[in-house]
Protein chains: 2
Amino acid sequence: MPPRRATIKDVAAAAGVGVATVSRVLSGTGSASPETRERVLAAAARLDYRPSALGRSLKLGRSGGLGLLVPGLANTFYGQLADGVLACARSMGEHVVVGATGDDPEREASLLGSLVEQGVERVVAVPSGDGLGENWEPALRAGLRVVFAGRPGPGSAPSVLTDDRAGVQAAVDYLGGLGHRSIGFLGGPATARERLFRDALAAIRMPADEELIVAARATRDSAYAAAASLFQRRPDVTAVLAADNTLGEAAVLAARELDLRIPRDVSVIMFDDVPWAELCGPPLTVVAQPAHDLGYRAAELALRDRPGPDRTLLPTELIVRNSCAPRTPR
Amino acid sequence: MPPRRATIKDVAAAAGVGVATVSRVLSGTGSASPETRERVLAAAARLDYRPSALGRSLKLGRSGGLGLLVPGLANTFYGQLADGVLACARSMGEHVVVGATGDDPEREASLLGSLVEQGVERVVAVPSGDGLGENWEPALRAGLRVVFAGRPGPGSAPSVLTDDRAGVQAAVDYLGGLGHRSIGFLGGPATARERLFRDALAAIRMPADEELIVAARATRDSAYAAAASLFQRRPDVTAVLAADNTLGEAAVLAARELDLRIPRDVSVIMFDDVPWAELCGPPLTVVAQPAHDLGYRAAELALRDRPGPDRTLLPTELIVRNSCAPRTPR
DNA sequence: ATGAAAGCGCTAACAG
DNA sequence: CTGTTAGCGCTTTCAT
């Protein structure tokens, strides 16, 4: 049987002082005679005392800790974002409680509930796809401080985003410049980029062909199916923009399966400059997003005391590699 | 100012009963008249009451929650492993507190300390590279229940591992069968596979050339440098085994940079069947590890009440793609 | 069936 | 400078 963890009382007894003194010495608050300090510190060390955050939080009413809600960590983009959040939290001495929503609003709601029960009152979240966000209403009203990252949150909640509009436009401009006229769009659960895609097309006076815009659910299979069906239904697409790295992966897989050569038969651009984009055969042209920064900044905002700006926009960058070529009719 | 969260007292008052009754009704313990039940439930719902896990944990002495310590989440392998842990935790209604160690024992120790302060008493961890593990001694003695995943923990602590011996042997056998005699090994912070590599070589009666065995630190740069220097110092290596996906990535990058064609000039096998292995140019032959399962099983063990087996070994699988070819002298 | 009260570990007033 | 005490939200005897 493991010996019960030492409490502040044990330390007080061992040092021959009152509990308040121990608390003061250990938290640096108030003053204590050097000699007492010494004794307390020694006793604490000897007993391997670790103050209970539970006790402290309960007393203080506020419980440190940062919640983090992402679709899933197997996706490199969210992994990087999460690492950014962890880095910031660590630098501020806060712990973080994570949950994987699977882009499912119901799971998100339940996870959110459990965060609240844990006493977490600040969270950074990549909101689940549907975008309706009625999940967040009550939490926000209840005083939970949430900063959305990577995708805009509902209402006026603060969000740290990438400049997707510019990113999508850059991709579309690039493809358009290469002569492509039938550009497909592979979208995911978050549909914001889909609208931006239409806008980008309009900006260069190209009509949006609804059949070329497809949306997949948050699974690998669904992404693949969406990509394959797009290529099959419309053999005339000569270029495709994938809204995230999962979709990009699906696009190259589907193209390969269908014997479409990249970039000869189809040009591909995807969002997210994941490390493998460069290793891909051929190396993929991407719209890079600063995933780590996204997380770091969001965490910073959530953890800082003063509310930050409602919208932080981080730049995207079109990184040209070898997955796009001038249009040649298929 | 956000309205303070409702407490059990508020519910009791609103329902016109004592706090004990509320507690009993809400936790399903004890009995209550249907009519009282009704009133309590209604009041709780109306006030949007969420029981405080802090209060409960403090009272109960035990605090749910699972700690998770990994090198970092940007690495797909750990991301998948973490997803496995999250999946299991969620199914058992536990929350998860994560930390990224960066494979640094010091950070690991500090993170571990903060977990203990949070009242977490069960953790799954990918122990940091050094393998000395004096970090864990005290925690283990203090009754912390830790299950190691992916890498063996120090001492006799329970671990959920992949059958690396078989995996390394399969890779070496395969390469040997292809005629390779100078096989390089790219190792990381965790050195266990390095020993297995020597063993595997011995098993097929090949001498281990120390100069062909290199170890990188846990950064992308270090991995790249290690790979590049291996290729440059020893132009006679015709094959290389990379101990994880980061190292594998470095190997193909370095090879490309040095104008070494895969697999014509060098054959490459890496650990971890990350999604991009198939997309790589050329598709990479890998030793697949069930990352998600690793995490799920480890979490299961950590969360179950009875201690499980000390060692769970999950199978690896050699997945042959196109990154290896018969040896041709360079 | 239900309420009153104790106490988990901690911090902040308040005395001394 | 330091000790005593109340009380954070909750569960759990113990009475009623």
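Letters A, B, ... are given to chains in the order of the sequence lines, protein chains preceding strands, and every chain is numbered from 1. The shown structure was predicted, so the numbers you read here are calculated from the model rather than taken from an experiment.
An end-to-end axis angle of 50° holds for the helix from C:dA1-D:dT16 to C:dG16-D:dC1, taken from five base pairs per end and rounded to 10°.
Atom NZ in B:K59 sits roughly 15 Å away from atom C1' in C:dC10 (whole-Å rounding). The CD atom of B:E117 sits 10 Å away from the P atom of C:dT11 (whole-angstrom rounding). Rounded to a whole Å, the CZ atom of A:R24 is 11 Å from the C1' atom of C:dA15. We find that CD1 of B:I8 is positioned 16 Å from P of C:dA5, with the value rounded to whole Å. For the pair B:D10 CG and D:dC8 C1', the interatomic distance rounds to 13 Å; values are reported in whole Å.
No side-chain heavy atom of A:V98 sits under 4.5 Å from any side-chain heavy atom of B:L68. Looking at B:Y78 and A:L73, their side chains never come closer than 4.5 Å, going by heavy atoms from C-beta outward.
The distance from the CD atom of B:E106 to the OG1 atom of B:T101 is 12.5 Å, given to the nearest 0.5 Å. We find the CZ-CD1 distance between A:R50 and A:I8 to be 14.5 Å, quoted to the nearest 0.5 Å. A:E300 contributes atom CD, which lies 7.5 Å from atom CE of A:M92 (distance to the nearest 0.5 angstrom). Atom CG of residue B:D104 and atom CZ of residue B:R217 lie 11.5 Å apart, to the nearest 0.5 angstrom. Atom SG in A:C88 sits 10.5 Å away from atom CZ in A:R297 (nearest 0.5 Å).
The side chain of A:T21 sits closest to D:dT2 out of C:dG3, D:dT12, D:dT2. Candidate nucleotides D:dG9, D:dG3, D:dT13 were compared by shortest atom distance to the side chain of B:L58, and D:dG9 ranks first.
Side-chain nitrogen and oxygen atoms of A:K9 include none within less than 4.0 Å of the OP1 or OP2 phosphate oxygen of C:dC10. A:S23 has a side-chain polar atom (N or O) that falls below the 4.0 Å cut-off from OP1 or OP2 of C:dT11. At the phosphate of D:dG9, neither OP1 nor OP2 sits under 4.0 Å from any side-chain N or O atom of B:R56.
Between B:V17 and B:G61, the one whose closest nucleotide on DNA chain C sits nearer the 5' end is B:V17. Comparing B:G18 and B:G55 by the nucleotide of DNA chain C whose heavy atom lies nearest to each, the residue mapping closer to the 5' end is B:G18.
Residues from residues 31-54 of chain B that place a heavy atom under 4.0 Å from any atom of DNA chain C, listed by number: B:S31, B:A32, B:S33, B:T36.
Under a 4.0 Å N-O distance rule, the pair B:R141/A:D48 does not qualify as a salt bridge.
With respect to A:T36, the side chain to side chain contact (heavy atoms under 4.5 Å, CB included) criterion is satisfied by exactly one of A:V17, A:L41, A:V22: A:V17.
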